[in-house]
Number of protein chains: 2
Amino acid sequence: MKKDVFRYSDCPMHRSMAVIGTKWKPIVIYVLRERTARFGQIHAAIDSISKKVLTSTLKELESDGIIERKEYKELPPRVEYKLSEKGKSLLPIIIQLAKWDKEHNCPEKESLQNA
Amino acid sequence: MKKDVFRYSDCPMHRSMAVIGTKWKPIVIYVLRERTARFGQIHAAIDSISKKVLTSTLKELESDGIIERKEYKELPPRVEYKLSEKGKSLLPIIIQLAKWDKEHNCPEKESLQNA
DNA sequence: ATTACTGGTTACTTATTGGTTACCACTTTA
DNA sequence: TAAAGTGGTAACCAATAAGTAACCAGTAAT
């Protein structure tokens, strides 16, 4: 999120938004919830994100300590991303949000909450 | 969030983001967590939001059934906003996020997690 | 010699969000 | 008569986020 207007706010919601308040960040965290993934795998999992935006999203998440990036000196290159401890601590919230959605935004199947 | 690209996705995180994935929405929900508030009060609570953006944020939250708007036919006008049941069901997540922030993004006071 | 592979970068353009200022209705108060 | 108070709206502009297409390195396989 932009040039840190929210980062040093005294409201915790503002600060949270500074870290995960963009279109793609929660989705990337969700993708990494149970596995390490390579750049290309994340890109394939979220097919509508562009490489450029995925790159910048990953960089920001890394610099905020949410994910870790490990580069293997191979050819062709291999880079793996995974949640850090801090990122994992955010996971219950992200997962609850996905669950909330399943319970509230699926008009078709309102009674099937165990998918 | 824009023209509903995410709204009918089959990924629950995409759909959640369609409903609350903007800069201001989680903050507005947080402000309404324990009280009904008037437009001017919300505006005062989030002093960096403009009236225009607050108006559109409130409208979107209302049309997604997260908040309820009640207009009193008085002069000067009075309009009250509060969380709907659906909005209240989202609240634990928002509050957890604020709590997460307090625990992880306050480098100064790392051991004071009970503020 | 060419293509594929991977994880990007670059330059450029467009979409979306956010901000500013002025203004409105209608009544009460000064 | 004029200003204040409330919850906005309208027109216009600036900032930011996101998207597109082409390209790169360096090796292996075709």
Side-chain angles (χ1 to χ4, degrees), chain A residues 1-7 9 11 13-14 17-28 31-32 35-64 67-82, chain B residues 1-7 9 13-14 17-28 31-32 36-64 67-82:
Chain A
M1 174 168 288
K2 77 185 71 177
K3 38 177 182 138
D4 296 336
V5 225
F6 279 7
R7 182 136 293 168
S9 164
C11 168
M13 277 311 300
H14 280 74
M17 288 297 98
V19 177
I20 60 156
T22 72
K23 186 176 171 181
W24 299 108
K25 284 179 186 176
I27 297 173
V28 168
V31 165
L32 293 175
R35 54 158 175 155
T36 289
R38 300 175 61 171
F39 183 89
Q41 293 174 320
I42 302 171
H43 194 215
I46 314 173
D47 62 341
S48 50
I49 197 173
S50 69
K51 282 206 265 179
K52 186 197 121 180
V53 173
L54 180 53
T55 300
S56 65
T57 299
L58 290 169
K59 273 183 186 161
E60 288 182 29
L61 287 173
E62 193 197 357
S63 83
D64 280 326
I67 63 173
E68 285 163 11
R69 178 182 188 279
K70 185 166 183 186
E71 192 173 342
Y72 295 84
K73 299 290 178 194
E74 302 173 358
L75 275 165
R78 179 159 65 107
V79 178
E80 288 186 346
Y81 292 93
K82 65 171 179 174
Chain B
M1 177 168 288
K2 78 182 73 174
K3 37 178 182 136
D4 296 336
V5 224
F6 280 6
R7 183 136 292 168
S9 164
M13 276 312 298
H14 279 73
M17 288 297 99
V19 177
I20 59 156
T22 72
K23 184 176 171 181
W24 300 107
K25 284 178 186 178
I27 297 173
V28 168
V31 165
L32 293 176
T36 289
R38 299 175 62 170
F39 183 91
Q41 292 174 322
I42 301 171
H43 193 215
I46 314 173
D47 62 342
S48 51
I49 197 173
S50 68
K51 281 205 267 180
K52 184 195 123 181
V53 173
L54 180 54
T55 300
S56 65
T57 299
L58 290 169
K59 274 183 185 162
E60 288 182 29
L61 286 172
E62 193 197 358
S63 83
D64 280 326
I67 64 173
E68 285 163 11
R69 179 181 187 280
K70 186 165 181 186
E71 193 173 341
Y72 295 85
K73 299 290 178 193
E74 303 174 359
L75 274 167
R78 178 159 64 108
V79 179
E80 287 186 347
Y81 293 94
K82 65 171 180 177

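Each chain gets a letter, A, B and so on, in the order its sequence line appears, and its residues count up from 1. Quick caveat: nothing in here was measured; it's all calculated off a predicted structure.
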Applying a 4.0 Å non-hydrogen cut-off, can you work out what B:S48 is touching in the nucleic acid: base, sugar-phosphate, or nothing? sugar-phosphate
Report the C-alpha separation of A:L58 and A:I42 in whole Å, then their side-chain angles, then the decisive distance to 0.1 Å, and conclude whether the side-chain contact (heavy atoms from CB on, under 4.5 Å) test is met. CA-CA 10 Å; A:L58 290 169; A:I42 302 171; 4.1 Å; yes
In whole Å, I'd like the distance from the CD1 atom of B:I46 to the P atom of C:dG18. 12 Å
If you find the nucleotide of DNA chain C closest to A:R38 and the one closest to B:V53, which residue's nucleotide is nearer the 5' end? A:R38
Whole angstrom is fine here: how far is it from CG in B:L54 over to P in D:dG7? 11 Å
So does A:R78 get a side-chain nitrogen or oxygen closer than 4.0 Å to the phosphate oxygens (OP1/OP2) of C:dG7? no
Name all stems that contain residues of DNA chain D, defined as runs of 3 or more consecutive Watson-Crick or G-U wobble pairs, both distances under 3.5 Å. C:1-30 with D:1-30
Counting heavy atoms from C-beta on, name the nucleotide in C:dG8, D:dA18, C:dG18 closest to the side chain of A:W24. D:dA18
Quick one: sort the A:H14 and A:F6 rings into parallel, tilted or perpendicular, breaks at 30° and 60°. perpendicular
Once you round to the nearest 0.5 Å, how far does OG of B:S48 lie from NE2 of B:H43? 8.5 Å
Heavy-atom closest pair (B:K25 atom, B:E60 atom, distance to 0.1 Å) is NZ-OE1, 2.8 Å
Take atom NZ of A:K73 and atom P of C:dG8, then tell me their distance rounded to the nearest Å. 11 Å
How close or far is atom C1' of C:dC5 from atom OH of A:Y72, stated in whole angstroms? 18 Å
When rounded to the nearest 0.5 Å, the distance separating OG1 of A:T22 from CG of A:L61 is 7.0 Å
Given D:dG7, is OP1 or OP2 found less than 4.0 Å from the side-chain N or O atoms of B:K59? no
Kindly give the heavy-atom pair with the smallest separation between A:R38 and A:P77, and that separation in Å. NH2-O, 3.4 Å
Of all the choices, D:dG8, C:dG8, C:dG19, which nucleotide is nearest to the side chain of B:Y81 once you look at every atom? D:dG8
Write down the distance between NZ (A:K23) and P (D:dT16), rounded to a whole number of angstrom. 18 Å
Salt bridge check, B:E80 against B:K82: does any charged N sit closer than 4.0 Å to a carboxylate O? no
Rounding to 0.5 Å, atoms NZ (B:K70) and OG1 (B:T36) come to a distance of 9.5 Å
Residue whose closest nucleotide on DNA chain D lies nearer the 5' end, B:S56 versus A:S50: B:S56
Working to the nearest 0.5 Å, report the span between CD1 of B:I49 and CH2 of B:W24. 5.0 Å
Rounded to whole Å, CG of B:D47 lies from C1' of C:dG18 at a distance of 15 Å
As an exercise, state the distance from CZ of A:F39 to CD of A:E71, rounded to the nearest 0.5 Å. 12.5 Å
Compare side-chain N and O positions of B:R69 against OP1 and OP2 of D:dG8 and report whether any pair is under 4.0 Å apart. yes
Value in whole Å for how far the C1' atom of C:dT17 lies from CE of A:M17: 16 Å
Looking at C:dG8, D:dG19, D:dT9, which one has an atom nearest to any side-chain atom of A:F39? C:dG8
Nucleotide by nucleotide, 5' to 3', does protein get under 4.0 Å of the base (B), only the sugar-phosphate (S), or neither (-) in nucleotides 21-30 of chain D, counting heavy atoms? -----SS---
Report the distance from atom NZ of B:K25 to atom P of C:dT17, rounded to the nearest whole Å. 8 Å
